[in-house]
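Just so we're on the same page: letters track the sequence lines, and every chain starts at 1.
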Amino acid sequence: MLRIDHPRTAHPGIAARAADTDTTGHIPAQNWKELADAGYGALFHSDEDGGSGADSDAQVAAMEALARDCPSTYWSATVSSLLCAKLIATYGDSTHRPLLHALISGRRLAAFGVVETAAGSDAGTYQTTVRPASPPGSAGPAGTGFTITGEKSRITNAPNADLAVVLARRERAAGDDGPDWCLAFVDLHQPGVHRYAIPHMGLRGMPWGGLVFTDALVAEADVIPVPLDELSEGMTWGWLLVSVAAIGIAESALAASVAHAGSRVSFGRPLAHMEGVQAQIALSRAEIDAARLLARRAAAERTAGRPARSLIAMLKIYATEMAVGVTERAVQIHGATGVTAGHEVERLYRDAQMNVIGAFASNRLRELVAENLGLGPAVYAPFDWVRSTGLAQDPVGLNGPSLEGT
Amino acid sequence: MAIPIITAPTDAATRLAGPLVPLDLGGGGLSAAETCELLEAFGEGSRDPGLGLAAVAHAVLATVPMRAFGTPDQRRHYLPRMASGEWTGAVSLLQTQGASLAPTVNAQRAEKNWILDGTVDLVAGAPAAHHFLVIAADPDGERTAFLVDRDTPGLQVEPTGSGAMPSCLWGRLTVDSCRLGDDAVLGTPRAAAREVEPLLAALDWVFTCAPWIGVMRALLGDAVADARDRHRFGRPLAHSQSVRLDLADMAVQCELAAGMLHRAAAEFDVGTRSGARPSYEHAATTRLFTAAAVRSVTAAAAHLHSADGLAERAHRDAAFFAATGGGGEVLRAVVAASVLELG
Ligand SMILES: Cc1cc2nc3c(=O)[nH]c(=O)nc-3n(C[C@H](O)[C@H](O)[C@H](O)COP(=O)(O)OP(=O)(O)OC[C@H]3O[C@@H](n4cnc5c(N)ncnc54)[C@H](O)[C@@H]3O)c2cc1C
């Protein structure tokens with residue numbers, strides 16, 4: 001009978017180095033080599049785009065397998081070879097093929113810079129701007145290039161990426177009625193780019209930090225005007241990748257729990273014989289399955305090119321919060337071992353929380369799902385409707401106002 | 001008394017009565033996956049969890065074991081009439097959990113006959129049923145599945161009220177020295193524990209979820225309409241973020257539970273990736289998950305007031321749904337047994 005239809009270790013070396021990757025905050029070069037040899041990035045792309053054109057189930061399985069082996073490596077590699085590469089494949093043209101191939105093959109690493117230092121959930125706060133290069137001449141033939149200025153922050157791969165796909169405002173010349181926004185493919189090895197790392201709670205091996213652009217140069221072909229609405233469909237690759245990270249983390253936490261429950265003896269028998277432990281394990285099993293099934297469905301829709309924004313938003317809300325619950329149970333099942341620095345479930349517990357925030361936090365996505373249910377767009381108003389109802393005041397005590405002040 | 005939706009002689013009702021009966025026996029010839037969709041739509045359209053359960057009890061719980069283990073004669077005798085709705089079959093929801101509950105019906109071998117004695121409660125569809133699927137235990141504890149016709153001497157059906165799902169029509173079945181021939185045995189004698197019982201359990205875990213997916217969708221639709229219509233603090237509820245976030249979570253639960261159900265149902269058509277049989281673990285996780293989803297969706301919808309009182313009924317029936325199929329205690333143990341390879 002089948003029990004296990006979820007991936008096991010696909011990259012034993014990467015899995016064996018996961019604890020070190022977390023402790024040192026650095027993804028070993030050997031990880032990159034093994035991923036390149038395995039053709040990981042190629043899975044997500046069609047033959048025409050230089051990929052191997054895996055079907056959506058195979059893609060999700062490969063993603064989850066890597067997420068199980070090492071969530072940090074998974075995040076870094078998948079942001080580059082799936083998310084950034086999809087954006088380049090979608091919005092770039094033939095001049096970007098070498099770049100695309102470099103990302104898919106893992107020869108170069110990309111970051112996706114959207115969020116800045118202000119509220120990441122609100123695109124209205126993004127300031128980074130692309131403007132025509134002036135004086136003319138800098139990035140190619142006179143006057144044809146652009147510069148970019150601004151600060152992107154809390155960006156995966158920012159500290160070490162070769163390239164950033166950056167969402168920026170467009171400074172439009174008179175008569176240009178194109179979109180307000182663009183994607184800029186920015187070479188990060190140039191003087192106008194400064195970067196910094198931000199220490200973080202989980203996914204510590206994943207490079208994370210900021211990119212400061214000060215009149216950094218961008219070639220004309222690398223600035224693609226895009227309406228913000230349309231771009232959000234592209235961002236769903238990001239939500240999907242984070243959801244699968246959560247599922248992989250949860251599955252690893254469950255596997256660790258099962259192993260521990262089978263070997264740790266308490267009251268004369270392994271913990272696995274305790275119904276309280278069983279209940280936690282059964283619940284985790286059911287919840288992970290539910291998330292994975294939705295992930296497969298969402299990935300199939302997205303891979304087929306159908307709009308799947310709402311479905312992937314639902315997935316991200318559930319899968320990421322589910323993994324927080326599953327890792328919490330795993331820590332509990334492990335007892336003090338689970339809260340010991342360096343233990344697998346301690347690491348997974350820290351990693352899980354990162355997914356709830358990264359690439360649009362849960363409640364921001366719930367708003368989006370609500371809108372798609374037919375409730376209309378979110379309505380943001382100053383919170384001023386309680387006082388007028390009389391509910392926000394202390395009532396009198398049992399004896400009424402007569403004794404007050406005595 | 002009859003269950004109108006099952007016996008009404010329209011095309012659609014025929015399909016609801018016998019979706020899983022093969023075409024050559026007069027049934028709908030639907031796959032398990034298609035049957036699930038039908039039951040989901042029925043739950044959503046009827047807005048009645050009890051009626052949905054009645055349909056499942058007859059068209060799935062009473063039908064599939066016969067299709068799977070019946071002799072050619074049994075299949076020819078019962079299934080065409082079950083598919084047309086002329087006869088309905090009934091099963092006790094206390095007999096869909098293997099031997100986790102002590103048996104309440106005894107079987108004695110007497111010459112070439114079997115003598116059945118005992119009582120089973122919570123028989124879904126009993127008052128209208130033409131026959132019953134009953135599991136009985138030998139003196140040595142081995143269990144056998146029987147098809148017991150309503151007109152068997154010694155058989156009595158007492159309609160019982162039920163706090164929940166009243167439209168399912170409940171009853172208590174008593175067999176008092178009921179004499180049955182070998183042709184009433186379903187499957188191998190004394191082998192229910194490895195034949196009919198695991199099947200009944202998985203069918204209950206999976207298919208009773210299907211109407212609930214539809215009921216949850218109906219509640220979600222009601223909740224969205226309500227949020228559009230009503231005001232609080234002088235603002236439309238649709239502007240209230242707490243309402244919006246709750247509705248989003250309801251929608252998420254519907255999708256997740258449907259995904260679980262579709263996997264488990266499809267396994268009855270094609271087996272799993274590594275075997276021809278459906279996975280009991282998947283069936284049990286489906287029920288465990290869906291019961292929780294139904295509880296949370298009905299709780300979130302409890303404030304709704306529709307003319308047909310769906311929210312109140314669903315809230316009440318959800319508690320019942322979560323307690324049947326073994327409830328959390330059985331389901332968690334079953335899932336844990338599979339995951340831990342113990343038990
Ligand atoms: C691991 C990780 C990787 C990341 N990688 C990248 C990357 O590669 N590229 C990139 O651009 N960014 C990246 N980010 C940044 C991420 O996209 C933002 O952190 C996220 O969008 C939330 O923005 P914020 O942190 O500024 O929180 P805020 O926007 O300040 O939100 C804080 C809280 O308020 C809630 N909230 C916000 N708005 C609403 C609303 N309308 N209704 C209800 N609640 C609301 C949120 O749900 C959240 O819980 C990453 C973040 C993490 C944690």
Side-chain angles (χ1 to χ4, degrees), chain A residues 1-5 254 257-258 261-262 270-273 275 277-298 310-311 313-315 317-319 322 362-363 365-376 378-381 384-386 388-389 391, chain B residues 220 223-225 227-228 232-241 243-253 255-260 262-263 267 271-275 277-282 284-289 292-293 328-329 331-343:
Chain A
M1 203 221 53
L2 166 134
R3 268 208 327 99
I4 295 144
D5 65 349
L254 176 60
S257 305
V258 168
L271 289 177
H273 292 266
E275 285 184 52
V277 173
Q278 290 169 13
Q280 292 175 313
I281 284 175
L283 187 59
S284 295
R285 175 73 280 146
E287 291 181 349
I288 298 170
D289 278 18
R292 181 184 296 109
L293 290 164
L294 189 58
R296 287 204 187 127
R297 192 171 129 212
S310 214
L311 207 57
M314 291 184 184
L315 169 68
I317 294 165
Y318 184 77
M322 174 279 293
S362 290
N363 279 350
L365 291 174
R366 284 191 173 88
E367 275 292 6
L368 191 147
V369 171
E371 182 172 349
N372 288 334
L373 285 174
L375 293 171
V379 176
Y380 298 116
D384 63 359
W385 49 81
V386 175
S388 61
T389 64
L391 295 173
Chain B
L220 176 61
V224 169
R228 286 224 202 89
R232 183 185 291 142
F233 290 121
R235 316 164 70 218
L237 278 189
H239 292 194
S240 153
Q241 190 161 69
V243 169
R244 296 168 66 91
L245 302 196
D246 279 354
L247 286 175
D249 281 329
M250 284 170 80
V252 174
Q253 291 294 317
E255 295 302 331
L256 291 162
M260 295 287 268
H262 295 157
R263 168 177 71 172
E267 288 180 7
T272 61
R273 288 180 190 196
S274 63
R277 294 190 168 202
S279 146
Y280 75 89
E281 181 194 305
H282 293 170
T285 47
T286 296
R287 180 58 165 270
L288 187 63
F289 192 89
E329 271 180 48
L331 291 166
R332 285 190 297 263
V334 168
V335 174
S338 174
V339 176
L340 294 164
E341 295 173 3
L342 288 174

(request) Take Glu255(B) and Met314(A) through the test side-chain contact (heavy atoms from CB on, under 4.5 Å) and record every step on the way to the result. (result) CA-CA 8 Å; Glu255(B) 295 302 331; Met314(A) 291 184 184; 3.4 Å; yes
(request) Let me know if Gln253(B) has heavy atoms under 4.5 Å from chain A in its side chain, its backbone, both or neither. (result) side chain
(message) Can you tell me which portion of Leu311(A) sits under 4.5 Å from chain B's heavy atoms? Options are side chain, backbone, both or neither.
(response) side chain
(message) Is Glu367(A) close to chain B through its backbone or its side chain, or both, or neither, when contacts mean heavy atoms under 4.5 Å?
(response) both
(message) Need one label for Leu373(A): side chain, backbone, both or neither, based on atoms under 4.5 Å from any heavy atom in chain B.
(response) both
(message) Take a 6.0 Å sphere around CZ of Arg235(B) and say whether it holds more than 12 heavy atoms from other residues, nucleotides or ligands.
(response) yes
(request) Over all heavy atoms of both residues, which pair between Leu342(B) and His273(A) is shortest? Give the atoms and the distance, please. (result) CD1-NE2, 3.8 Å
(message) On a heavy-atom basis, which atom in Val369(A) and which in Ala251(B) lie closest, and how many Å separate them?
(response) CG1-CB, 4.4 Å
(request) For Asp249(B) and Ile317(A), work out which heavy atoms get closest and say how close. (result) OD1-CG2, 4.1 Å
(message) Distance check, rounded to the nearest 0.5 Å: Arg366(A) atom CZ versus Arg244(B) atom CZ?
(response) 13.5 Å
(request) Compare all side-chain heavy atoms of Asp384(A) with those of Phe233(B) and state whether any distance is below 4.5 angstrom. (result) no
(message) Give me the atom names and distance for the closest heavy-atom approach of Ala272(A) to Leu340(B).
(response) O-CD1, 3.6 Å
(message) Heavy-atom pairs under 4.5 Å with chain A: which of Leu245(B), Leu247(B), Asp246(B) has the most?
(response) Leu245(B)
(request) Enter the distance from Glu287(A):CD to Leu256(B):CG here, rounded to the nearest 0.5 Å. (result) 9.5 Å
(request) To the nearest 0.5 Å, tell me how far Phe289(B) CZ sits from Leu293(A) CG. (result) 9.5 Å
(message) Tell me which of these, Ala261(A), Ser388(A), Ala378(A), has more heavy-atom pairs under 4.5 Å with chain B than the rest.
(response) Ala378(A)
(request) Determine, step by step, whether Glu281(B) and Arg285(A) satisfy the side-chain contact (heavy atoms from CB on, under 4.5 Å) criterion, reporting the C-alpha distance in whole Å, the side-chain angles of both residues, the deciding distance to 0.1 Å, and the verdict. (result) CA-CA 9 Å; Glu281(B) 181 194 305; Arg285(A) 175 73 280 146; 3.2 Å; yes
(message) Need one label for Val386(A): side chain, backbone, both or neither, based on atoms under 4.5 Å from any heavy atom in chain B.
(response) both
(request) Return the minimal non-hydrogen interatomic distance between Asp289(A) and His282(B), and the atom names on each side. (result) OD2-CD2, 4.0 Å
(request) Go through the atoms of Leu220(B) and report whether side chain, backbone, both or neither lie under 4.5 Å from a heavy atom of chain A. (result) side chain
(message) Report which part of Leu315(A) has an atom under 4.5 Å of a heavy atom belonging to chain B: side chain, backbone, both, or neither.
(response) neither
(request) Measure the CZ-CZ distance between Arg297(A) and Arg263(B) for me, rounded to the nearest 0.5 Å. (result) 14.0 Å
(request) State the OH-NE2 distance between Tyr380(A) and His239(B), to the nearest 0.5 angstrom. (result) 12.0 Å
(message) I need the minimum non-hydrogen distance between Ala336(B) and Ala282(A), along with the two atoms involved.
(response) N-CB, 4.3 Å
(request) First locate atom CG of Leu375(A), then atom CZ of Arg228(B), and finally report the distance between them rounded to the nearest 0.5 Å. (result) 6.5 Å
